[in-house]
Amino acid sequence: MQKMQKKFATDFIWSIAALVTMNGVLQLFVYPLLNRHLGEAAFGNVLYVLGIVAVFAPSVGLAANNIRLVESRERQVLNGDSLLAMLPLLAVSGIIFFAVCNGYFVGVSDYIMAALLIVLTTLRYYGDVEYRMTLNYKGYFVYYLVLSFGYVIGALLYPLTKSWLLCFLLGEATVWLLLVVKGHIYKPLKKSENTVAVSRKVLVLAASYLLVNMVLNLDRVLLQHLIDSSTVTVYYVASLLGKTAALLVGPLNGVVIGHLTKGKTKPITKKSFAIVSGAVLLVGAVLFAGISIVMPLFVKLLYPDIYLDVLSVSTLANLSQIICFASSLLLTIMLTFCSERWQFAIQLVYAVIFLGLSVLFTNSNGLQGFVIASLAANTLRLVFTVGAGLAILVKKEKTQAKE
């Protein structure tokens, strides 16, 4: 048991280091550099496009990634199964992406790079399954270190290329090539008899992730259309530390589901789920306290031109992101003991509530109203998640007791 706990802790540290490195490079170097070169309004447009990419790419890529892990416990899942499951979803994602981003690109080369960006970003989210399947989180760290290095090179080349798309493409292309040359998830590309079953599960989970990723990035879309692009930048910075802290959910999710799907841990009970829920809330409270202390200095140093605008909404914006982090982690844990359809149901309710409240509150009270709507929707999702998880486990334990 002690050895397993040490392995879990080590894996989590490597996973955290990977995501902190990548997001540190983006938030502390790439984004501020682009903001300085492009200006507040144009950078808001870049964030809008990246927001659309961040809706579709992780929805498809992570769905294939997690289903491959979960399903491999009970049935054979080969490289071709996962890629075939992603192909139609990628096609639909690309069509919608260009429909909502039409006018944000100039020339054929921009459209080609944008298409490559959404494809390669999707494959990057799927690609880290290479390391999660074998619990090789040192390799996982190297994967994201290479990605970060590509981003840095792209950003440094911006004065020459004048292409923000190339900044991100270099990173995504680099890690894709890494897996093609060194990895095993693209070779051999064989499929099993379970291709259809895997594809159905990927579709349901992708729809679930799509709903929550739409909400997570809806701020850029709604604020762009309901107010203006400058407001997109203000809210992005105001919620930045909360979103960065919420990125802990990525490495936590990866390590948790990786270990749980290896069958080395005891089944989750209602008691253990309640304890985990309490622990997650405690971690969230600590993160929020730390962010509240650091936020004024962070904004003053990196975004002094919008300092006052950001601080007026940063407290509630970051609290909303921390609550989102808590419910996202608990939803991933739920994936190991209940159907992916529960994920879809909870995310659907959440998306409807968030969209309704956001439009209503933003129209009546601007950016402040949007922040309040976000906080309310995320709080409700947390309540739904904990309640549903406990109810499912209580029912399952009663059924087992009768048997």
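Both backbone and side-chain heavy atoms feed into the values below; hydrogens, waters and symmetry mates do not.
The NZ atom of Lys270 sits 13.0 Å away from atom NZ of Lys396, with the distance rounded to the nearest 0.5 Å. Taking NZ of Lys395 as the start and CG of Leu390 as the end, the distance is 15.0 Å to the nearest 0.5 Å. Note: Asn66 CG to Tyr125 OH = 12.5 Å, rounded to the nearest 0.5 Å. Once rounded to the nearest 0.5 Å, the distance linking CZ of Phe56 with OG of Ser59 reads 7.5 Å. The line from CG of Leu19 to OG of Ser148 is 9.0 Å long, rounded to the nearest 0.5 Å. Atom CH2 of Trp14 and atom CG of Leu135 lie 15.0 Å apart (nearest 0.5 Å).
Scanning for side chain to side chain donor-acceptor pair (under 3.5 Å) contacts around Tyr236 gives Gln27, with sequence neighbours left out. With sequence neighbours excluded, no residue forms a salt bridge (charged side-chain N to carboxylate O under 4.0 Å, His left out) with Lys187.
Smallest separation of non-hydrogen atoms from Ser327 and Cys324: OG-O, 3.2 Å. Considering all non-hydrogen atoms of both residues, Gly150 and Leu170 come closest at O-CB, 3.6 Å. Nearest approach of Val152 to Val25, heavy atoms of both residues: CG2-CG1, 3.5 Å. In this structure, Ser374 and Tyr235 approach most closely via the heavy-atom pair OG-OH, 4.0 Å. Cys167 approaches Leu34 most closely through the heavy-atom pair SG-CD2, 4.2 Å. In this structure, Leu26 and Pro32 approach most closely via the heavy-atom pair O-CD, 3.8 Å.
A heavy-atom distance below 4.5 Å is not found between the side chains of Leu178 and Thr174. For the pair Glu172/Leu123, no side-chain contact is recorded, criterion being any heavy-atom separation below 4.5 Å from C-beta on. Contact of the Met334 side chain with the Ile346 side chain is registered, since non-hydrogen atoms from C-beta on lie closer than 4.5 Å. With a 4.5 Å cut-off on side-chain heavy atoms, Thr195 and Ser199 count as touching. Proximity of Phe370 to Asn363: side-chain heavy atoms (C-beta onward) are nowhere separated by under 4.5 Å. Proximity of Leu281 to Leu382: side-chain heavy atoms (C-beta onward) are separated by under 4.5 Å at one or more points. Contact of the Val60 side chain with the Tyr126 side chain is not registered, since no non-hydrogen atoms from C-beta on lie closer than 4.5 Å. Side-chain contact between Phe29 and Leu33: present, with at least one pair of heavy atoms (C-beta onward) separated by less than 4.5 Å.
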Check: Between Tyr158 and Ser163, is a side-chain contact (heavy atoms from CB on, under 4.5 Å) present by the stated rule, with each step listed?
Finding: CA-CA 6 Å; Tyr158 179 82; Ser163 172; 5.7 Å; no
Report task. Show the numbers, then the answer: is there a side-chain contact (heavy atoms from CB on, under 4.5 Å) between Ser272 and Thr269? Result -> CA-CA 5 Å; Ser272 60; Thr269 64; 3.2 Å; yes
Please report the C-alpha distance between Leu83 and Met86 in whole Å, then the side-chain angles of each, then the deciding distance to 0.1 Å, and finally whether the side-chain contact (heavy atoms from CB on, under 4.5 Å) criterion is met. CA-CA 5 Å; Leu83 291 179; Met86 285 191 289; 3.4 Å; yes
Yes or no on side-chain contact (heavy atoms from CB on, under 4.5 Å) for Lys190 and Leu78, after CA distance, side-chain angles and deciding distance?
CA-CA 6 Å; Lys190 295 180 179 179; Leu78 299 179; 4.2 Å; yes
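For the pair Asn136 (side chain) and Tyr131 (backbone), a donor-acceptor distance under 3.5 Å is absent. In this structure a side-chain-to-backbone donor-acceptor pair under 3.5 Å is missing from Ser239 to Gly242. Using a distance-only test at 3.5 Å, with no hydrogens or angles considered, a donor-acceptor pair links the side chain of Asn79 to the main chain of His184. A donor-acceptor pair is defined here as one N or O able to donate and one able to accept, closer than 3.5 Å; no such pair exists between the side chain of Arg132 and the backbone of Leu69. Judged by distance alone, the side chain of Glu130 and the main-chain N or O of Gly183 form no donor-acceptor pair under 3.5 Å.
Aromatic ring centres of Phe141 and Tyr137 lie farther apart than the 6.0 Å criterion allows.
Under the 3.5 Å distance criterion, with hydrogens and angles disregarded, no donor-acceptor pair is assigned to the side chains of Asp81 and Asn194. Side-chain polar atoms of Arg124 and Tyr143 form no donor-acceptor pair below 3.5 angstrom. Using a 3.5 Å distance cut-off with no hydrogens or angles, the side chains of Tyr209 and Gln347 do not pair a donor with an acceptor.
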Scan the side chains in residues 286-315 for donor-acceptor partners under 3.5 Å anywhere in the protein, sequence neighbours excluded, and list what turns up.
residue	atom	partner	partner atom	Å
Ser292	OG	Phe288	O	2.9
Ser312	OG	Asp309	O	2.6

Would you mind writing out the side-chain donor-acceptor pairs for residues 350-362 within the sub-3.5 Å range, not counting sequence neighbours?
residue	atom	partner	partner atom	Å
Tyr350	OH	Asn378	OD1	2.5
Ser358	OG	Phe354	O	2.7
Thr362	OG1	Ser358	O	2.6

Residues 41-54 side chain polar contacts: donor-acceptor under 3.5 Å, at least two apart:
residue	atom	partner	partner atom	Å
Asn45	OD1	Gln224	NE2	3.0
Tyr48	OH	Val100	O	2.9

Residues 110-120 side chain polar contacts: donor-acceptor under 3.5 Å, at least two apart:
residue	atom	partner	partner atom	Å
Asp110	OD2	Val106	N	3.0
Tyr111	OH	Asn102	OD1	3.2

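Below 30°, between 30° and 60°, or above 60°: for Phe168 and Trp164 the angle between ring planes is above 60°, a perpendicular geometry.
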